[in-house]
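Step one of this worksheet: look at the structure below.
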Amino acid sequence: MAVGALQGITVVALEQAVAAPLATSRLADAGARVIKLERPDGDSARHFDAHAKGSSSYFVWLNRNKQSCRVDLRNDEDIELVRAMIAKADVFIQNLAPGATGRLGLGSKALRAAYPRLITCDISGYAANTPFADRKAYDLMIQGESGLASITGTADSGPSRVGVSICDIATGMAAHAQLLEALIARGTTGQGRSIAVSLFDVATEIMNIPYITHRHGNAAPKPSGLLHPLIAPYGVYETRDRPLLIAVQSEQEWIKFCNTVLRRPDMAADARFGSNRLRIENRPAMESEIIYIFQYIPYTEAITRLEEGRIAYAQISQMDDMVSHPALAKMMVAVAGQFVELVAPPSIVDGRRPDPGTVPDLGAHDGMLRREFAHPGPA
């Protein structure tokens with residue numbers, strides 16, 4: 001078995017829900033020791049649902065290969081236990097309520113002063129020194145506040161939620177990237193770093209294309225369903241028997257699309273459609289032609305033509321399609337004495353995906369960790 005790139009790295013995580021646990025799950029997959037500190041009744045994500053054979057789907061997904069230790073942050077001895085762990089850690093990450101770690105004496109500034117090699121990472125709803133710094137924020141709040149909900153859905157649906165906790169997930173990925181950068185830099189300088197990542201900053205950075213379009217292009221982005229707002233043709237088209245997603249990304253592809261798929265070379269020569277910008281400007285006329293042609297083409301025939309023209313396409317999968325998709329990578333994870341099937345992590349390193357591992361029971365490592373860090377805790 002290959003040794004993980006982060007073997008020997010210790011991460012102490014005062015984490016809950018999604019964003020921080022996602023970042024640390026990636027570190028654990030790479031071989032880091034992740035000590036997950038949970039309140040006595042457990043991470044809130046343990047109780048979100050029971051779809052994973054009685055366990056929470058959120059928790060099972062994000063907490064493989066971690067060590068669980070319960071701590072009561074109102075208890076002085078447990079605070080000292082946390083301090084003892086951090087003193088020997090390489091990374092300390094937290095996403096508690098705004099200001100909570102500072103009130104506990106575990107703020108990043110104090111920890112970095114005490115332990116110069118320590119890398120700290122604070123995940124919050126909004127960045128420090130902004131008017132909303134003290135506001136609690138969850139994924140749906142940020143989808144709304146960032147404008148993401150306003151461009152999601154269809155023209156008739158009104159603002160809509162992206163179907164997964166996209167702001168939490170993207171924030172966890174951003175934090176993971178910064179932690180890896182900090183570990184690389186520490187290998188050169190010997191010094192840790194203080195990292196801060198907020199859900200709002202991540203969500204608004206994702207919104208850069210709508211932002212630029214609105215701010216400088218004088219075009220207010222609107223929800224467009226399965227239709228790309230700035231590239232055409234790029235969206236869903238109804239064949240004779242089922243819908244199909246199609247994407248044309250260049251002028252060369254547009255010519256192939258017209259000649260091979262639509263079998264309408266006159267459209268390739270039509271000056272109204274001579275560039276992506278013109279196709280967007282004349283989209284109603286272009287779309288009416290494409291829709292008319294596709295309604296007579298059987299789905300399988302459309303795919304044959306798209307393959308011949310090397311044009312990108314995709315089906316619109318329902319969950320049954322996704323579960324049985326031939327490209328889907330799965331793994332079995334041990335949790336509470338059972339095995340739960342999950343989608344495997346996406347990275348393939350030297351031909352292998354990360355090992356599935358085990359999801360820890362609440363407090364599974366209490367005794368071991370308290371002995372290791374010499375804090376037996378209250379009787």
Roughly how far apart are [X] [atom1] and [Y] [atom2], rounded to 0.5 Å?
X	Y	atom1	atom2	value
D361	S55	CG	OG	8.0 Å
S198	E205	OG	CD	11.5 Å
H228	L245	NE2	CG	12.0 Å
L37	Q67	CG	CD	10.5 Å
I303	L244	CD1	CG	5.5 Å
S44	Y58	OG	OH	11.0 Å

Within 6.0 Å of [atom1] in [X], more than 12 heavy atoms from elsewhere:
X	atom1	answer
D76	CG	no
F339	CZ	no
D41	CG	yes
R353	CZ	yes
K330	NZ	yes
Y138	OH	no
H214	NE2	no

Hey, any chance [X] and [Y] share a hydrophobic cluster, counting ILVMFWY side chains that come within less than 4.5 Å of each other, even indirectly?
X	Y	answer
V340	L328	no
V18	V202	no
I142	F132	yes
V248	Y313	yes
V359	L362	no

Using atom types as modelled and distance alone, determine if a side-chain donor or acceptor of [X] lies under 3.5 Å from a backbone N or O of [Y].
X	Y	result
N276	L230	yes
Q295	Y292	yes
R112	G192	yes
R186	G190	no
T304	T300	yes
S124	Y126	yes
T260	E308	no

Verify whether one side chain among [X] and [Y] offers a donor that lies under 3.5 Å from an acceptor in the other.
X	Y	result
D122	Q94	yes
E38	S68	yes
Q178	R193	no

Ignoring hydrogens, what is the shortest heavy-atom contact between [X] and [Y]? Give both atom names and the distance.
X	Y	answer
N65	P356	ND2-O, 3.6 Å
A23	G172	CB-O, 3.4 Å
V34	A28	CG2-CB, 3.8 Å
P229	I280	O-CD1, 3.9 Å
P354	D29	CB-CG, 3.6 Å
R64	L342	CD-CD1, 4.2 Å

[X] versus [Y]: any side-chain heavy-atom pair under 4.5 Å?
X	Y	result
K36	P21	yes
L369	M85	yes
I297	V261	no
Y211	T204	no
Q315	R242	yes
W61	V343	no
L199	I123	yes
E287	L227	yes

For this session: Would you check, one step at a time, whether the test side chain to side chain contact (heavy atoms under 4.5 Å, CB included) holds for Q16 with R39?
Result: CA-CA 9 Å; Q16 57 189 343; R39 54 194 177 200; 3.9 Å; yes
Exercise. With respect to F92, which candidate in T10, I35, V11, L111 satisfies the side-chain contact (heavy atoms from CB on, under 4.5 Å) definition?
Worked result: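 Exactly one option meets the side-chain contact (heavy atoms from CB on, under 4.5 Å) with F92, and it is L111.
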Using a strict cut-off of less than 4.0 Å between a Lys/Arg side-chain nitrogen and an Asp/Glu carboxylate oxygen, indicate whether [X] and [Y] qualify as a salt bridge.
X	Y	result
E253	K256	no
R74	D72	yes
E372	R33	yes
D78	R370	yes
R272	E289	no
K53	E341	no

Listed pairs under 3.5 Å, donor-acceptor, residues 160-169 side chains, sequence neighbours left out:
from	atom 1	to	atom 2	distance (Å)
S160	OG	S157	OG	3.3
S160	OG	G158	O	3.2
R161	NH1	G163	O	3.1

Exercise. Is there a salt bridge (charged side-chain N to carboxylate O under 4.0 Å, His left out) between R264 and D266 once you walk through the steps?
Worked result: CA-CA 5 Å; R264 287 281 304 277; D266 60 300; 2.8 Å; yes
Exercise. For T24, what residues pass the side chain to side chain donor-acceptor pair (under 3.5 Å) criterion, not counting sequence neighbours?
Worked result: E15, K66
For this session: Under the side chain to side chain contact (heavy atoms under 4.5 Å, CB included) rule, what do F257 and I290 come out as? Steps first, then yes or no, please.
Result: CA-CA 10 Å; F257 180 68; I290 296 173; 3.9 Å; yes
For this session: Apply side chain to side chain contact (heavy atoms under 4.5 Å, CB included) to the pair S146 and I206, showing each step before the final yes or no.
Result: CA-CA 9 Å; S146 67; I206 290 173; over 6 Å; no
Exercise. What orientation do Y237 and F294 show, parallel under 30°, tilted 30 to 60°, or perpendicular over 60°?
Worked result: parallel
Problem set entry | CA sep, side-chain torsions, deciding dist, call: M173, H176, side chain to side chain contact (heavy atoms under 4.5 Å, CB included) | CA-CA 5 Å; M173 291 179 174; H176 174 238; 5.5 Å; no
